[in-house]
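Just below is one structure, and these are the notes that go with it.
Just so you know, these numbers use all the heavy atoms, side chains as well, and skip hydrogens, waters and symmetry mates.
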Amino acid sequence: MFPIDSRCLFAPLATGPRFCLLHRPAAGTPLGVVLYLHPFAEEMNKCRRMAALGARALAAAGFAVAQVDLLGCGDSPGDFGEATWDAWTQDVQAAAEWLARQQGLSMAWLWGLRAGCLLAAEASRRIESVNGLLLWQPVASGAQHLAQFLRLKSANALLASGSASRRDDLRRKLVEEDQPVEVAGYTLSPALARGLERATLEVGAQVKRIVWLEVSATTPPALSPAAGQRIARWQAQELQVAAHAVAGSPFWQTVEVSECHALAEATVSALQTGGG
């Protein structure tokens, strides 16, 4: 394992300054470059601890890793209500270019967590130098993820007034009437909702390797049915897919901060096998 150099900075991306945590081996040329794409809304905050553990583990194994807060998220400029799916994709492109210049290496891996996996797939269709995707607990359908997010609004309305806002009505207001909606403290723009709803896990033609990792509460740990269906489709396209489930708690939704060291260990093992 390598000693690591971790820095906080505002990366001067082509799309504007974005807060970044940059981790890399303290000396020598990195084995590869990894760009982390965080989850959607509150899941981003719940996953910060695990993302940090994974990033530091990869850096200690010899990789350069950047955790970038996208427009309107975390410590980056802007408001969440200003964000759009296309703006986030442009942020990923700009971050990949900046990171490649910083490390003197072409972009190799996009690492997505939850809805960040959908963004990684979208960006891989626009960034030719991405040849690998690392997917943690992937969201398989943007439309389903949007519906689950809007369900929070319905649940909160039910608790507050005894009558729930219908999820279909909220979607119609966003997607068809072009009006923003506030959900669980986040103002969701119509452009972001439409982009998320269309998002899928279809990847760029140049992507050759995919690592799919899930956390499972079963004994022994098992992949979800959605994983099996998607992986079978990729394998039919002759993509190299490594998929594993590790034991742990669903840290992206637990009330208390939760860690899964087995997930970080499986990540390092998978990327070392695949190289940069």
Side-chain angles (χ1 to χ4, degrees), residues 23-25 29-39 50-51 53-55 57-67 89 92-93 95-97 99-100 103 105-142 199-216 220-248 260 262-276:
H23 313 272
R24 56 161 292 152
T29 302
L31 297 176
V33 178
V34 182
L35 176 58
Y36 168 74
L37 308 181
H38 57 71
M50 269 308 304
L53 288 177
L58 283 170
F63 293 86
V65 186
Q67 298 173 254
T89 307
V92 177
Q93 292 177 271
E97 293 167 359
L99 186 57
Q103 304 306 317
L105 297 170
S106 62
M107 190 71 242
W109 290 89
L110 290 178
W111 166 23
L113 174 52
R114 299 288 289 149
C117 298
L118 294 171
L119 193 59
E122 173 82 25
S124 77
R125 302 197 294 270
R126 306 190 191 190
I127 307 172
E128 293 184 0
S129 56
V130 171
N131 54 42
L133 296 183
L134 167 61
L135 308 178
W136 273 17
Q137 206 69 33
V139 169
S141 164
T200 68
L201 286 177
E202 298 299 329
V203 304
Q206 84 290 351
V207 173
K208 303 302 180 187
R209 179 171 169 79
I210 297 172
V211 174
W212 181 302
L213 298 175
E214 291 186 357
V215 174
S216 171
L223 292 169
S224 64
Q229 295 166 9
R230 168 53 61 178
I231 290 166
R233 289 178 59 183
W234 279 332
Q235 290 175 333
Q237 298 168 15
E238 300 186 349
L239 288 171
Q240 183 181 356
V241 184
H244 305 284
V246 299
C260 181
L263 181 60
E265 293 166 2
T267 298
V268 170
S269 177
L271 262 65
Q272 283 179 326
T273 302

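Although no hydrogens or angles enter the test, the distance criterion places no donor-acceptor pair under 3.5 Å between the side chain of Glu214 and the main chain of Ala243. With Ser269 contributing its side chain and Ala266 its backbone, the two residues share no donor-acceptor pair below 3.5 Å.
With sequence neighbours excluded, no residue satisfies side-chain hydrogen bond (donor to acceptor under 3.5 Å, both in side chains) with His38. Evaluation of the side-chain contact (heavy atoms from CB on, under 4.5 Å) rule for Ser129 yields Ser106, Met107, Ile127 as partners, not counting sequence neighbours. Not counting sequence neighbours, Ala100 has no partner by the side-chain contact (heavy atoms from CB on, under 4.5 Å) test. Listed by chain and residue number, Val246, Cys260 satisfy the side-chain contact (heavy atoms from CB on, under 4.5 Å) test with Ala262 (two or more places apart in sequence, or in another chain). Listed by chain and number, the residues in a side-chain contact (heavy atoms from CB on, under 4.5 Å) with Leu105 are Thr29, Pro30, Val33 (sequence neighbours excluded). When the salt bridge (charged side-chain N to carboxylate O under 4.0 Å, His left out) test is applied to Arg24, no partner is found at least two apart in sequence or on another chain.
Of all heavy-atom pairs between Ala59 and His23, the closest is CB-CB, 3.7 Å. Between Leu35 and Ala96, the closest heavy-atom pair is CD2-N, 3.9 Å. The nearest pair of heavy atoms linking Pro221 to Ala247 is CG-N, 3.6 Å. Closest of all the heavy-atom pairs between Phe63 and Leu271 is CZ-O, 3.7 Å. Considering all non-hydrogen atoms of both residues, Thr89 and Ala123 come closest at CG2-CA, 4.3 Å. The minimum heavy-atom distance between Val268 and Ala61, with the atom names listed, is CG1-CB, 3.6 Å.
A distance of 5.0 Å separates CD1 in Ile210 from CG in Leu239, rounded to the nearest 0.5 Å. Separation of atoms CD (Glu122) and CG (Leu110) is listed at 11.5 Å; rounding is to 0.5 Å. Here Leu113 contributes atom CG and Leu119 contributes atom CG; the two are 12.0 Å apart, rounded to the nearest 0.5 Å. A distance of 11.0 Å separates CD of Gln240 from CG of Asn131, quoted to the nearest 0.5 Å. Put simply, CH2 on Trp111 and CG on Leu213 are 10.5 Å apart, with the number rounded to the nearest 0.5 Å. In this structure, CG in Leu53 is found 10.5 Å from CD in Glu265, a value given to the nearest 0.5 Å.
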With a cut-off of 3.5 Å and sequence neighbours excluded, list every side-chain donor-acceptor pair involving residues 133-142.
unit_1 : atom_1 : unit_2 : atom_2 : d
Trp136 : NE1    : Thr267 : OG1    : 2.9
Gln137 : OE1    : Val215 : N      : 2.8
Ser141 : OG     : Ala143 : N      : 3.4
Ser141 : OG     : Gln144 : N      : 3.1

Which atom pairs, one a donor and one an acceptor, fall under 3.5 Å between side chains of residues 229-237 and the rest of the protein, sequence neighbours left out?
unit_1 : atom_1 : unit_2 : atom_2 : d
Arg230 : NH1    : Glu202 : OE2    : 3.3
Arg233 : NH2    : Glu202 : OE2    : 2.9

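Within the 4.5 Å cutoff, side-chain heavy atoms of Trp212 are placed close to those of Leu201. Looking only at side-chain heavy atoms (C-beta outward), Arg209 and Thr273 come within less than 4.5 Å of each other.
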